[in-house]
Amino acid sequence: MIELQGLTKTYAGKRVVDDVSLTLQSGEFGVLIGPSGCGKSTTLKMINRLIPLSEGRILINGDDVTQLPVEQLRRRIGYAIQSTGLFPHWSVARNVATVPQLLKWPKARIDDRVDELMTLFQLDPAEFRDKYPHQLSGGQAQRVGVARALAADPEVLLMDEPFGAVDPLTRETLQAEMRRVHAKTGKTIVFVTHDMDEALALATRIALLNGGRLVQYERPIEMLVDPADDFVREFIGQADLGLKLLSRRFVHQYQRRARLAPETGLERLDEHAWLVDAEGRPSALAGARLDDADAITRVKPEWIATPEMSMKEALSRMVWYRVTALPVVDREGRLIAEVGMPGVMGIEGDGGAIEAAP
Amino acid sequence: MSVAANRTGRLRRAAAGNLTLALLALLLVGLTLGMGQLEPLFRALFPDLSQPLYSRDSFLNLMLAHIGLVLVSSLISVSVGVAAGLFVTRPAGREFEPMVSSLAAIGQTFPPAAVLAIAVPLAGFGFTPTIIALSLYGLLPVIQNTIAGLGTVPASTREAARGNGMSALQILWRVELPLAMRVIIAGIRVSVIINIGTATIGSTVGAKSLGTPLIAGLVGNNLAYVIQGALLVGLLAIVTDLAFERLERRYSFGG
């Protein structure tokens with residue numbers, strides 16, 4: 001648990017962080033967000049004392065951070081930054097091992113931990129252990145940076161715009177990976193970004209700052225539907241509020257029973273229905289095409305949905321492929337449900353099932 | 001493909017460089033030990049000279065004395081220069097940076113002969129004044145490159161080192177110095193090469209070096225002595241320069 005109590009930072013008489021108080025429970029993914037110069041990075045760096053605080057207190061699991069020797073404190077807190085800050089003269093394995101080496105772990109334990117973390121971030125240890133940072137792509141380097149921050153199993157992970165410098169496609173992959181790693185490790189994370197979509201994709205709590213002050217501290221959906229004031233409303237952006245809401249909703253909440261098509265008489269169906277192959281994988285959709293309601297459309301891999309997918313992504317696929325329903329499949333690719341326009345409109349699903357042909 | 005091709009190309013160039021270095025080093029040792037074998041050649045080239053081969057001292061002694069001068073003065077330049085460069089890049093010494101840089105620059109604007117002229121009345125003739133002049137003269141490139149090398153360490157790398165819980169000393173030893181090493185070594189290389197050439201001037205105030213036959217040849221109008229001294233000094237400088245080039249390459253980390 002991280003508690004900020006009346007946290008203030010003064011530079012030359014100017015309060016760049018002004019009386020910020022908030023509590024982040026253990027295991028939460030907190031995102032500090034706001035326009036540039038709002039004090040979000042300064043707030044983050046006061047937690048591991050890269051910037052000394054002027055007033056107030058910071059407690060981590062009840063310990064006042066200013067009471068601990070600074071190096072010892074920082075070894076308890078993982079830290080990942082935008083430009084990765086990887087040490088260019090050290091191999092990937094040695095970079096990941098930075099903090100365990102400072103803590104003088106035995107070599108065998110360090111080696112095991114490095115392999116474990118590289119596997120967690122889907123970097124094959126055999127391939128990447130001995131590579132140097134300049135041989136990595138931006139996304140790979142950023143993964144190594146986060147793996148390094150997690151190496152000594154810290155109580156808290158601080159991330160300062162870690163995905164700010166990678167291309168949008170890689171950023172989405174890294175966000176998905178971060179969600180997975182957070183779910184798996186249950187770490188308490190404080191993450192700084194200026195990108196609302198990134199905050200919505202990751203946060204369990206969002207703290208919106210402006211001019212050094214905390215404007216609103218709330219769960220993402222609550223912040224979307226109940227912004228504290230005009231600044232929050234403007235910062236979130238009104239134009240695609242509905243889409244932002246959909247990015248916080250997931251297919252498994254809205255999936256419904258999928259109907260299988262009969263062997264014959266496809267052209268006389270009154271509702272759309274699915275055709276599956278011998279393994280139960282969806283192969284075609286009868287009906288439900290916008291331009292031709294009677295057509296039978298072959299299922300393309302690009303428009304299959306999974307239960308973990310956000311409703312925003314599901315909607316995007318429906319619009320692009322001009323269908324009103326997507327098949328939802330399990331890990332083996334078998335049809336388990338469908339998701340359609342009622343779900344997009346917020347009508348909750350029935351959990352999904354397969355209904356045999358009439 | 002290009003990475004692999006690059007690497008083989010680099011390896012091949014490195015191997016060729018090693019071969020050149022080994023051959024030149026062999027030539028240097030051979031000439032130092034066997035200059036006497038070339039007496040017939042010098043006699044044929046300079047038939048007017050009664051003594052076409054410098055013989056007041058062995059070339060091995062001169063070479064060792066010369067290397068001794070360069071080694072001692074370079075050790076002083078490097079330890080003082082690196083220490084000064086480190087000091088002015090730490091928070092405590094940052095305000096001294098302009099002063100140290102200009103002092104080192106002044107040290108280099110003085111011609112070494114002038115430094116010798118000042119040092120002789122203070123330190124007498126021979127080894128000591130030469131060491132003073134050479135050490136001062138070699139200081140600037142070391143200080144400059146130490147400051148520049150530490151300046152090439154990216155701020156984000158330093159911040160990551162601090163954020164991961166390294167102490168100031170650990171950051172210096174594990175991160176800053178290894179990353180600055182290539183540039184620092186380049187400075188040492190310049191300093192040592194300058195000193196190899198400049199050490200010959202020490203012979204004007206009685207320090208034994210490869211400059212001794214050179215000066216004797218100039219004074220006594222004996223071109224053969226000049227060639228013998230200059231040949232060895234030049235070769236020594238080239239071999240040292242190539243060796244430093246190898247060393248520098250060891251500290252490059254993919255840009």
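Here is how names work: the chains are called A, B, and so on, in the same order as the sequence lines, proteins then strands, and each is numbered from 1.
Minimum interatomic distance between A:Pro88 and B:Thr157 (heavy atoms only, all atoms of both residues): CD-CG2, 4.3 Å.
At a 4.5 Å heavy-atom cutoff, A:Leu158 makes no contact with chain B through either its backbone or its side chain. The part of A:Ile77 that comes within reach of chain B is its backbone (N, CA, C, O), which places non-hydrogen atoms under 4.5 angstrom from that chain. Both the backbone and the side chain of B:Ala161 come within contact range of chain A, each with at least one heavy atom under 4.5 Å from a heavy atom of that chain. At a 4.5 Å heavy-atom cutoff, the contact between A:Ile81 and chain B is made by side-chain atoms alone.
A distance of 11.5 Å separates CG in A:Asp160 from OG in B:Ser156, rounded to the nearest 0.5 Å. How far OG of B:Ser167 is from CZ of A:Arg74: 10.5 Å, rounded to the nearest 0.5 Å. Once rounded to the nearest 0.5 Å, the distance linking CZ of A:Arg75 with CG of B:Asn164 reads 10.0 Å. Annotation: the span from B:Met166 atom CE to A:Thr98 atom OG1 amounts to 5.5 Å, rounded to 0.5 Å.
With a 6.0 Å radius and a threshold of 12 heavy atoms from other residues, nucleotides or ligands, B:Phe244 has its CZ atom above the threshold. Within 6.0 Å of CZ in B:Arg189 there are more than 12 heavy atoms belonging to other residues, nucleotides or ligands.
Under a 3.5 Å cut-off, the side chain of A:His89 and the backbone N or O of B:Arg174 do form a donor-acceptor pair.
With a 4.5 Å cut-off on side-chain heavy atoms, B:Arg162 and A:Tyr79 do not count as touching.
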